[in-house]
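Numbers restart at 1 for each chain; the letters A, B, ... are given by sequence-line order, proteins then strands. Here the structure is a predicted model, which is why all the values come from computation and not from measurement.
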Amino acid sequence: MPELPEVEVLVRRLAPLLKNKTIRRVEIRRERALRPTRPAELKRALTGARFVDLARRAKYLAFTLRPADGGGTFLLLGHLGMTGRMYLLPVNAPLPKHTVVAINLGGENFVFEDTRYFGRFTLDTSTQQGLGPEPLGEEFTVEYFIHALQRSAQAIKVKLLDQALVAGVGNIYACESLFHAGVSPRLPARKLTRAQTERLRRALRQTLAEAIQFGRSFALDWPGTGERDGLFYFGRAVNAPDYEERMSVYGHQGQPCPVCRTPIRRIVQAARSTFYCPRCQRT
DNA sequence: CACCATGTTCCTTG
DNA sequence: CCAAGGAACATGGT
């Protein structure tokens with residue numbers, strides 16, 4: 001469930017539920033997610049600690065905690081990978097099959113579940129160093145974007161997935177943003193005109209912001225104690241009839257473009273699927 | 001059995 | 001040294 005908008009919505013929903021809660025016990029079922037933190041180290045740091053803040057950076061969840069001994073704060077980072085979910089469960093509810101970590105907060109467990117185990121739950125913050133600006137932030141200016149694209153011959157679609165260029169864009173919203181900007185996913189980054197770059201920046205910001213708005217207004221099947229967050233809006237959702245229509249091109253191979261009715265095409269770039277309209281995105 | 005999947009990291013090649 | 005491409009990680013759905 002993992003691109004910037006989904007993480008943003010999750011963070012905002014989770015924050016008030018975790019705030020000021022004290023960790024009683026930590027159960028680690030998949031050590032791999034902690035890399036390179038050792039399980040004993042994570043348990044020692046978390047047990048008795050208290051959640052004081054939660055924020056999003058790119059696709060990461062950044063938990064700020066106050067240690068058991070009360071001095072200062074420290075950071076815990078979560079990443080949902082491809083299939084990660086985080087939510088609260090009553091302590092008497094069974095933990096799901098692919099539970100990575102379960103944190104006992106007293107009456108409930110804060111659960112990190114991840115079917116494919118690509119996600120992370122760690123004290124290692126080194127990955128934050130290489131991240132580029134937030135696409136919705138002030139630092140992501142037209143000038144920055146133009147400058148960053150000028151140095152690369154890589155296809156613009158592939159470039160958008162580069163977290164060092166702009167942090168938080170994933171495969172779905174990269175495809176959608178290029179469509180809204182009317183830019184071909186195959187266009188080499190350095191070939192974008194100033195006008196195209198401006199349109200793309202605008203499309204990125206608008207597409208991401210709209211997805212966040214949708215996620216915040218969406219009637220989630222998750223009051224904080226349900227069994228699933230039900231949060232990821234792509235795919236078949238719970239009770240959302242207009243769900244499929246949210247995407248203009250992603251996953252719509254062979255279906256008519258919503259603007260010109262030309263069949264949407266699927267190509268492979270950097271081993272990932274790209275969906276686009278060959279007519280609306282000619283250059 | 002085949003192919004596909006919201007992500008990141010590591011290794012190889014040029 | 002760098003850029004770019006591909007595989008690996010692991011599980012499940014269609």
Side-chain angles (χ1 to χ4, degrees), chain A residues 1-11 29-36 56-61 77-86 96-100 112-122 124-132 135 148-178 185-191 204 207-208 211-212 214-215 218 228-237 243-244 246-254 264-275:
Chain A
M1 97 126 173
E3 289 187 39
L4 184 154
E6 291 80 7
V7 178
E8 176 67 24
V9 172
L10 175 63
V11 160
R29 296 202 176 177
R30 303 294 290 221
E31 296 183 11
R32 189 182 126 78
L34 279 53
R35 62 193 183 278
R56 179 192 60 74
R57 171 71 173 110
K59 299 170 194 171
Y60 289 85
L61 295 96
L77 288 182
H79 194 292
L80 301 169
M82 294 270 263
T83 53
R85 292 166 184 276
M86 291 186 189
K97 181 178 177 184
H98 299 294
T99 296
V100 174
F112 174 27
E113 174 196 3
D114 185 5
T115 313
R116 289 170 73 180
Y117 303 115
F118 288 174
R120 293 187 73 194
F121 201 77
T122 183
D124 171 40
T125 60
S126 62
T127 50
Q128 307 291 287
Q129 283 304 312
L131 295 174
L149 295 182
Q150 255 163 10
R151 294 178 311 229
S152 177
Q154 227 173 8
I156 184 61
K157 155 65 177 356
V158 178
K159 244 6 224 177
L160 288 180
L161 300 181
D162 180 355
Q163 303 296 297
L165 178 76
V166 54
V169 180
N171 205 36
I172 293 175
Y173 295 109
C175 292
E176 292 294 304
S177 299
L178 283 165
R186 313 184 196 242
L187 191 62
R190 66 161 73 111
K191 295 279 181 68
L204 275 167
T207 305
L208 295 170
I212 291 171
F214 176 82
F218 192 73
R228 240 150 237 280
D229 63 337
L231 192 53
F232 196 59
Y233 351 117
F234 158 72
R236 275 157 305 284
Y243 200 72
E244 198 67 39
R246 290 196 55 249
M247 300 301 162
S248 296
V249 292
Y250 188 84
H252 289 197
Q253 181 182 15
I264 297 302
R265 197 169 288 176
R266 173 183 176 273
I267 59 174
V268 174
Q269 295 179 291
R272 313 287 308 271
S273 286
T274 297
F275 298 89

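Counted by atom type alone, Arg116(A) and Thr83(A) present zero donor-acceptor pairs between their side chains at under 3.5 Å.
Closest to the Arg266(A) side chain, of the nucleotides dC4(B), dT11(C), dG12(C), is dC4(B). Nearest to the side chain of Tyr250(A), among dT8(B), dA5(B), dT11(C), sits dA5(B). For Tyr117(A), the side-chain atoms get nearest to dT11(C) when compared with the rest of dG12(C), dT11(C), dA5(B). With dA10(C), dT11(C), dT8(B) as the choices, the nucleotide that has an atom nearest any side-chain atom of Arg32(A) turns out to be dA10(C). For Ser152(A), the listed nucleotide lying nearest its side chain is dA4(C); candidates were dT8(B), dA4(C), dC4(B). Picking from dT8(B), dA4(C), dG12(C) the nucleotide with the shortest atom distance to the side chain of Thr115(A) gives dG12(C). Closest to the side chain of Phe118(A), from the set dA4(C), dG12(C), dA10(C), is dA10(C).
With Thr99(A) contributing its side chain and Pro96(A) its backbone, the two residues share a donor-acceptor pair below 3.5 Å.
Residues passing the side chain to side chain contact (heavy atoms under 4.5 Å, CB included) test with Ala155(A) are Val158(A), Gln269(A), sequence neighbours excluded.
A close approach under 4.0 Å does not occur between any side-chain nitrogen or oxygen of Lys59(A) and OP1 or OP2 of dT6(B). Using a 4.0 Å cut-off, some side-chain N or O of His79(A) falls inside it from OP1 or OP2 of dT8(B).
Counting to the nearest Å, the P atom of dA10(C) and the CZ atom of Arg29(A) are 18 Å from each other.
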Requested in this report: Could you provide the dot-bracket string of DNA chain C, using ( ) for intrastrand pairs, [ ] for crossing pairs and | for bases paired to another strand, with Watson-Crick or G-U pairs below 3.5 Å?
Outcome: .||||||||.||||
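Among the heavy atoms of the strands, none lies under 4.0 Å from Arg151(A).
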